[in-house]
Amino acid sequence: MSRPFYITTAIDYANGAPHLGHAYEKVLADVLARHHRMLGDDVYFLTGLDEHGQKVQQTAQKRQIEPQVLVDEVAAVFQQMLGLLNISNDDYIRTTEPRHKVVVQAFLQKLFDKGLIFKATKSGWYSVRQEQFLSDKDRDAEGNWPSIYGEVTQTTEENYYFKLSQFQPWLIEHLKDNPDFINPAHRRKQVLEFLKEPMNDLCISRPKARLTWGIELPFDREFVTYVWFDALTNYYSAVVDKGRWPADMHVIGKDILSPPHAVYWPCMLKALDIAPPKQLLVHGWWTLNGSKASKSDGNATDSLSFAQKFGTDAFRYYLCREMVVGEDADFSSPNFAQRYKADLGHNLGNLVNRLLNMVGRNYAGTVPAPGADEELEQNLRKLWTETERKFFAHFAEAQISHALEALWVFVSAMNAYIEARAPWKLAKSAETADRARLDSCLAHVAEGLRLTATVLTPVMPKTCEQLLINIGLPVATSFASVHAWSTVCTGAKVAEKCILFPPLEEPEAPAKA
RNA sequence: GGUAGCGUAGCUCAGUUGGUUAGAGCGAGGGACUCAUAAGCCCUAGGUCGGCAGUUCAAUUCUGCCCGUUACCA
């Protein structure tokens, strides 16, 4: 009876190309999904695409194609990215799918019937070019409308509104009663601050005169629903027939925490008598070489080429190691190269080769059973106990960078252990005791690498698979075997050599794997 | 303008429920070794812990103000 774990990413907006921010969120969610699978949980991992709205309609018009043709194209590009990043999602929802529209309309109808959706007239300043109402905060310092808005006129428009404000007291209580609802904690404080001010009701429609590319309101076919009732509902519509709700974790960026995910979504669900999601995991933004990543910035998409150039797993490792979940982080080529070389190539990759070579040379490629058990061995095993505890504790908080940091302390310790044992000297000794120490040395490093590769599998699936195969072991599918030091490596046939992370300095860096 | 956070070694950051010599990783310098992807190991950082003032026997750690910076809100 495994525990269910339903995890989602935000759905990407189908206007524009995927960039680093899109990639990171998928990798983060994927690593957590894979981790939970190996914990034995019954994981369902959803990601998808938000395909309606003004921008999509406009882009399609400009290109003189049907919006559906456009979003089909975009969906293919985003799904290609998922493949490149080796994302293990169980489902991919697109908001133009019938299964989604049906749920959105059912939601709207139910709220309408309950009297929680009403029609109202709003008048104000309207930008024809941007097709949106403006408020005074949009004015520039001189009090004029910035030129990006084009012609601005006074307009009156009827729309439908959701009685959001009615749920404000409930939401505040919910946040106070559920300190884990928003991770990291300091984001929760921001939302509570936001909720000190009275909320407005939420406009949820657009007249078809302005926007046709959307889901029709079931109770008024002259309108389509706008943004949040369409987009947020994907989390529910994807699993409505699978018994997966509520979601255990929505992985989102800090830009859409408040108000959409922390306010609108729980209130919408409350209004529908549906349980809220268990947790919002909020990550920060990537900067590129110290400057903000913009969607239109060419660099932003180029960073994805790192995955192709240096390997998907190295890219995944870098993203996970470099960003403290919740904080911003900077992506730069020198920084990437440093992590690749030091952490992956030298510390881990080279260690694998040290083992393979010594087992090959001294034991004809078969891992020996441990012999001597002295302080060095005991300390290494003790360190694993400590490392394993920290690693899983950090993962439980979704603090992957800290988990990796702790794991690399152990990897370093294996290198230091080899130095202390000096197996190259032991191999030259005729003493029985030295032979027993040599046995232990290689047996311990093999086991240490098995443990490392197992817990690291969610971050670098392919590489860890390779690593385990090279030391003669099966692929890891569960964490059950990492809670205690074992001797399962004894007798394993290791490969001769294994370059998991080729040096970057090579003049002819291989463009393809 | 309001709210919250941050400001610690060249860089990225940890930490101190106030108390003898403030830590890690990376970079940089030096050393011993050689199984390995010239990788790994060992040693080396004397940094007013943003500024000013206060509380205290004692503050980098508490309080206030200021400066810088970031986020959210307006």
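Because the structure is predicted, anything quoted here is derived from the model rather than measured. Chain A is the first sequence line, chain B the second, and so forth, proteins listed ahead of strands; every chain is numbered from 1.
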Length of the line joining A:Leu192:CG and B:G5:P, which is rounded to integer Å: 14 Å
Atom-pair distance (CG on A:Leu344; C1' on B:G40), nearest Å: 16 Å
Interatomic distance where CG belongs to A:Leu195 and P belongs to B:A4 [whole Å]: 16 Å
Gap in Å between the two P atoms, one belonging to B:C13 and one to B:G54, rounded: 33 Å
Integer-rounded Å distance: B:C33 P and A:Glu419 CD: 12 Å
Nearest-Å distance once atom P is located in both B:G1 and B:U48: 32 Å
Sugar-phosphate, base or nothing in reach of A:Arg361, heavy atoms under 4.0 Å: sugar-phosphate
A:Arg354 side-chain proximity, nearest of B:C35, B:C73, B:A39: B:C35
Span that lies between the P atom of B:C62 and that of B:C6, in whole angstrom: 10 Å
Distance, P atom - from B:U21 to B:C49, rounded to whole angstrom: 14 Å
Residue pair A:Trp286, A:His19: steps toward the ring pair (Phe, Tyr, Trp, His ring centres under 6.0 Å) verdict: CA-CA 10 Å; A:Trp286 284 93; A:His19 62 262; over 10 Å; no
Sugar-phosphate only, base, or nothing, as touched by A:Ala342 at under 4.0 Å among non-hydrogen atoms: nothing
Rounded distance in Å between the C1' positions of B:A24 and B:U20: 22 Å
C1'-based separation of B:A36 from B:A28 [nearest Å]: 25 Å
Pairwise C1' distance for B:C26 and B:A45, with rounding to whole Å: 13 Å
Whole-Å distance separating the OH atom of A:Tyr417 from the P atom of B:C33: 22 Å
A:His346 side chain to A:Asn350 side chain, donor-acceptor N/O pair below 3.5 angstrom: no
Candidates B:C35, B:G40, B:C73 - which lies nearest the side chain of A:Met358: B:C35
ring-ring contact (aromatic ring centres under 6.0 Å, His included), paired with A:Phe229, selected from A:Tyr264, A:Phe162, A:Trp265: A:Phe162
A:Glu447 with A:Arg381: basic N within carboxylate O range, under 4.0 Å: no
Distance in angstrom units between A:Ile499 CD1 and B:A39 C1', rounded: 10 Å
Value in whole Å for how far the P atom of B:G25 lies from OH of A:Tyr317: 14 Å
Sugar-phosphate, base or nothing in reach of A:Leu355, heavy atoms under 4.0 Å: nothing
Between B:G25 (P) and A:Tyr340 (OH): distance, integer Å: 23 Å
Whether A:Tyr340 and A:Phe336 hold their rings parallel, tilted or perpendicular, with breakpoints at 30° and 60°: parallel
side-chain contact (heavy atoms from CB on, under 4.5 Å) partner of A:Met414, the single match among A:Leu355, A:Leu383, A:Leu351: A:Leu351
Watson-Crick or G-U wobble mate for B:G27, both contacts under 3.5 Å: none
B:U12 versus B:G7 - spacing of their P atoms, nearest Å: 12 Å
Phosphate-side-chain proximity, A:Asn357 and B:A36, N/O vs OP1/OP2 below 4.0 Å: yes
